[in-house]
Amino acid sequence: MVSKQVRGGPEDADLARADSLAREIFSDVANKWALLIIEFLGDRTLRFSELRNEVEGISHKMLTQNLRMLERNGLVERTVYPTVPPRVEYTLTAPAQDLRETIDGLCRWTRAHLRHIESSRHRFDA
């Protein structure tokens with residue numbers, strides 16, 4: 001994946017522009033696995049296996065790819081301890097904690113409207 005050079009101009013924050021850095025970042029963090037990883041890390045530090053157990057249904061490969069992407073974007077901090085076998089822990093950075101407030105809101109919205117959405121799907125599919 002090729003990334004844009006960071007220039008910091010207004011065009012880089014414009015989600016309407018196909019080539020904006022903001023759209024690339026939005027695409028990275030607005031996928032279901034990234035949202036769930038950020039939600040489940042929360043205020044905790046977790047090892048890879050603990051995080052995989054929390055995010056039910058995610059494959060080893062998908063968790064690895066998303067953790068790398070979140071680390072690249074400065075949202076997850078990865079700490080490797082020089083033990084045998086190596087111990088690796090993940091924690092959210094301050095910007096990810098800010099993002100988590102939005103994700104928490106999305107989770108609350110989903111819980112509050114789940115029955116309505118289920119009912120609408122049932123009517124639509126019938």
Side-chain angles (χ1 to χ4, degrees):
M1 170 163 89
V2 176
S3 290
K4 289 182 54 145
Q5 289 294 96
V6 178
R7 294 187 313 271
E11 66 278 1
D12 292 313
D14 185 358
L15 284 174
R17 288 177 47 113
D19 66 342
S20 76
L21 182 58
R23 189 183 278 193
E24 182 182 325
I25 294 166
F26 186 77
S27 176
D28 282 351
V29 299
N31 78 68
K32 72 177 177 182
W33 296 125
L35 293 173
L36 290 171
I37 290 166
I38 292 169
E39 181 64 17
F40 285 113
L41 272 176
D43 296 322
R44 307 180 289 167
T45 297
L46 294 174
R47 293 176 72 170
F48 184 92
S49 59
E50 294 170 326
L51 188 53
R52 185 165 178 210
N53 289 337
E54 290 287 328
V55 184
E56 187 176 323
I58 194 168
S59 69
H60 185 281
K61 177 183 176 182
M62 193 56 60
L63 181 56
T64 299
Q65 287 176 346
N66 275 271
L67 285 169
R68 285 180 182 161
M69 175 271 300
L70 290 168
E71 183 181 9
R72 178 174 182 258
N73 284 314
L75 300 174
V76 167
E77 184 176 287
R78 179 177 180 261
T79 306
V80 180
Y81 296 93
T83 60
V84 177
R87 187 176 89 209
V88 181
E89 294 180 340
Y90 298 90
T91 191
L92 296 180
T93 62
Q97 287 293 345
D98 288 347
L99 178 59
R100 188 168 163 250
E101 292 177 25
T102 301
I103 294 169
D104 286 346
L106 181 59
C107 291
R108 282 190 303 277
W109 177 87
T110 302
R111 288 183 198 102
H113 298 285
L114 191 61
R115 288 192 180 175
H116 169 80
I117 293 167
E118 275 185 317
S119 175
S120 294
R121 286 180 170 190
H122 179 71
R123 282 192 310 277
F124 184 87
D125 293 342

**OP:** Tell me, with the steps shown, if Ile37 and Leu67 meet side chain to side chain contact (heavy atoms under 4.5 Å, CB included).
**Re:** CA-CA 8 Å; Ile37 290 166; Leu67 285 169; 4.0 Å; yes

**OP:** Give, for atom CZ of Arg100 and atom CG of Leu106, the distance between the pair rounded to the nearest 0.5 Å.
**Re:** 13.0 Å

Subject >> Close side-chain approach of Val76 to Thr93, heavy-atom, < 4.5 Å >> reply: no

Subject >> Atom of Trp33, atom of Glu56 and distance for their closest heavy-atom approach >> reply: CZ3-O, 4.1 Å

Original post:
Are Val80 and Leu75 connected, step by step, through hydrophobic side chains (Ile, Leu, Val, Met, Phe, Trp, Tyr) whose heavy atoms are closer than 4.5 Å?
Top reply: yes

Original post:
Does a side-chain heavy-atom distance below 4.5 Å link Ile58 with Arg52?
Top reply: yes

Original post:
Got a second to check how far Ile117's CD1 is from Thr110's OG1, nearest 0.5 Å?
Top reply: 6.5 Å

Original post:
Rounded to the nearest 0.5 Å, how far does OG1 of Thr79 lie from CZ of Arg47?
Top reply: 12.5 Å

**OP:** Could you tell me whether the side chains of Glu77 and Tyr90 share a donor-acceptor contact shorter than 3.5 Å?
**Re:** no

**OP:** Can you spot which of Leu36, Leu35, Asn31, Ile38 makes a side-chain contact (heavy atoms from CB on, under 4.5 Å) with Asn66?
**Re:** Asn31

**OP:** Applying salt bridge (Lys or Arg N to Asp or Glu O under 4.0 Å), name anything that partners Glu54, two or more places apart in sequence or on another chain.
**Re:** Arg44

Subject >> Side-chain touch Ser27/Arg23, heavy atoms, less than 4.5 angstrom >> reply: no

Subject >> Separation of Glu71 CD from Asn73 CG (nearest 0.5 Å) >> reply: 10.5 Å

**OP:** Identify the two heavy atoms, one from Thr45 and one from Glu50, that lie closest to each other, and give their separation to 0.1 Å.
**Re:** O-OE1, 4.4 Å

Original post:
Of the non-hydrogen atoms in Phe40 and Leu46, which two are nearest, and what is the gap between them?
Top reply: O-CD1, 3.9 Å

**OP:** Group every Ile, Leu, Val, Met, Phe, Trp and Tyr by side-chain heavy-atom contacts under 4.5 Å, then state whether Leu99 and Trp109 land in the same group.
**Re:** yes

Original post:
Does the side chain of Ser119 pick up a donor-acceptor pair with the side chain of Arg123 at under 3.5 Å?
Top reply: yes

Original post:
Which distance, rounded to the nearest 0.5 Å, do you find between the CZ of Phe48 and the CD of Glu89?
Top reply: 14.0 Å

Original post:
Side-chain contact, heavy-atom cut-off 4.5 Å: Gln65 with Met62?
Top reply: yes

**OP:** Enter the distance from Leu63:CG to His60:NE2 here, rounded to the nearest 0.5 Å.
**Re:** 7.5 Å

**OP:** Identify the heavy atoms of Ala34 and Met69 that sit nearest to each other, and give their distance.
**Re:** CB-CE, 3.9 Å

